[in-house]
Amino acid sequence: MTRQNIMRMAVFIVCIILLAGAVSVSSNTLMSAWIPFAGSGAAALLSGTALWRAWRRLTNSEKILSNYLCHTICTGIVLAAAFYICNYAFANKTKTHNTQVVVEKKYHKVRHHTRRIGRRHYTQGRPYKVYYMTVRFNNGSTKDLSIPLKRYCRIRQGGTISLPVARGLFGVPVIINTTAAR
């Protein structure tokens, strides 16, 4: 395996990890997910006009389009992940306040484990349930939150619960710990 292929794989793996981190932290951020992703995508598109040449060594291509797309995708993911992860990780947890929210509905989704049936073959395995609640904040916005079964059994639709909310690094509020809801 050449050094160039190792670098390609490293960039790909880092982008996948950062995208997974951004998506997972976005569920605890009190902002529509499309706003940071659209902003980071726009910044990546704009910066790609000047920085597409930096990707020539990695792609081994002189074509503008392939280098521009690589730059846009990777830079967009890095910027979105930097926003979400830094906003959540460096939130001011000393000034956490509890926000009263109304439980609009509670529901579950059935997911399935994967089951290996051969050396390279996998199939759908046993089903399991993932529990959610939709909460409405005082300003009218709603948010779907994943919750454990114990909490799912205790809460009632139409009831109020308390969520610990802190101001993130960039001023966007974040839910510190969804399992701490009372």
Side-chain angles (χ1 to χ4, degrees), residues 10-49 51 55 68-114 128-149 151-152 155 157-182:
V11 168
F12 179 75
I13 290 170
V14 166
C15 284
I16 294 296
I17 291 170
L18 288 176
L19 182 61
V23 169
S24 67
V25 174
S26 72
S27 64
N28 286 347
T29 304
L30 299 179
M31 173 188 265
S32 295
W34 70 269
I35 296 171
F37 282 109
S40 63
L45 285 169
L46 288 174
S47 67
T49 58
L51 299 174
W55 291 81
Y68 183 76
L69 285 175
C70 285
H71 173 80
T72 303
I73 292 168
C74 292
T75 304
I77 290 171
V78 168
L79 291 175
F83 172 79
Y84 275 119
I85 294 170
C86 290
N87 187 60
Y88 185 80
F90 299 111
N92 191 356
K93 293 178 179 78
T94 59
K95 294 185 180 179
T96 302
H97 65 281
N98 288 328
T99 302
Q100 296 295 321
V101 295
V102 176
V103 178
E104 288 287 309
K105 71 176 181 177
K106 61 181 197 172
Y107 60 97
H108 66 273
K109 293 181 181 178
V110 177
R111 304 255 172 94
H112 293 84
H113 293 283
T114 56
Y128 66 96
K129 294 180 181 176
V130 181
Y131 300 95
Y132 295 93
M133 66 178 171
T134 302
V135 296
R136 183 174 32 88
F137 291 88
N138 293 337
N139 63 3
S141 64
T142 60
K143 187 79 170 168
D144 291 332
L145 302 172
S146 177
I147 54 174
L149 175 61
R151 168 114 339 97
Y152 180 83
I155 63 170
Q157 197 165 327
T160 60
I161 60 172
S162 180
L163 289 178
V165 176
R167 183 147 314 274
L169 177 67
F170 301 118
V172 179
V174 293
I175 301 170
I176 295 300
N177 187 2
T178 56
T179 59
R182 292 182 263 260

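Atoms considered below: every heavy atom in the structure, side chains included; atoms not considered: hydrogens, waters and symmetry mates. Just so it is clear, the model here is predicted, and its values are computed rather than measured.
- With Y132 as the aromatic partner, K143 does not meet the cation-pi criteria of under 6.0 angstrom to the ring centre and within 45 degrees of the ring axis.
- Residues passing the side chain to side chain donor-acceptor pair (under 3.5 Å) test with Q157, sequence neighbours excluded: none.
- How far CD1 of I73 is from CZ of F12: 10.5 Å, rounded to the nearest 0.5 Å.
- Pairing each heavy atom of A91 with each of A166, the nearest pair is CB-CB, 4.4 Å.
- The 12-atom threshold is exceeded at OH of Y107, counting heavy atoms of other residues, nucleotides or ligands nearer than 6.0 Å.
- We find the CG-OG1 distance between L163 and T96 to be 12.0 Å, quoted to the nearest 0.5 Å.
- Looking only at side-chain heavy atoms (C-beta outward), L30 and S141 stay at 4.5 Å or farther from each other.
- In terms of heavy atoms, S27 sits closest to S24 at OG-O, 2.8 Å.
- One finds the CZ atom of R136 at 11.0 Å from the OG1 atom of T160 (value rounded to the nearest 0.5 Å).
- In this structure R167 satisfies the side chain to side chain donor-acceptor pair (under 3.5 Å) test with no other residue, sequence neighbours excluded.
- Aromatic pair F83/F37: ring centres not closer than 6.0 Å.
- Between I147 and K106, every side-chain heavy-atom pair lies at or beyond the 4.5 Å cut-off.
- A donor-acceptor contact shorter than 3.5 Å links the side chain of S26 to the backbone of V23.
- A distance of 10.5 Å separates CG of L18 from CG of L79, quoted to the nearest 0.5 Å.
- The line from NE2 of H97 to CD1 of I176 is 10.0 Å long, rounded to the nearest 0.5 Å.
- Across all their heavy atoms, H71 and G48 have their closest contact at CD2-CA, 3.1 Å.
- Partner of I13 under the side chain to side chain contact (heavy atoms under 4.5 Å, CB included) criterion, chosen from I17, I16, V11: I17.
- With hydrogens and angles ignored, the 3.5 Å screen pairs no side-chain donor or acceptor of N28 with any backbone N or O of Y88.
- Side-chain contact between S47 and T75 is present, with at least one heavy-atom pair separated by less than 4.5 Å.
- Closest approach of C15 and C74 over heavy atoms only: SG-SG, 3.5 Å.
- Nearest heavy atom pair, residue Y68 against residue L45, reads OH-O, 2.8 Å.
- Judged by distance alone, the side chain of Y152 and the main-chain N or O of S146 form no donor-acceptor pair under 3.5 Å.
- Taking every heavy atom of both residues into account, A22 and A81 meet most closely at CB-CA, 3.7 Å.
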message: Walk me through whether N87 and M31 qualify under side-chain contact (heavy atoms from CB on, under 4.5 Å).
response: CA-CA 12 Å; N87 187 60; M31 173 188 265; over 6 Å; no
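- The NZ atom of K105 sits 7.0 Å away from atom CG of D144, with the distance rounded to the nearest 0.5 Å.
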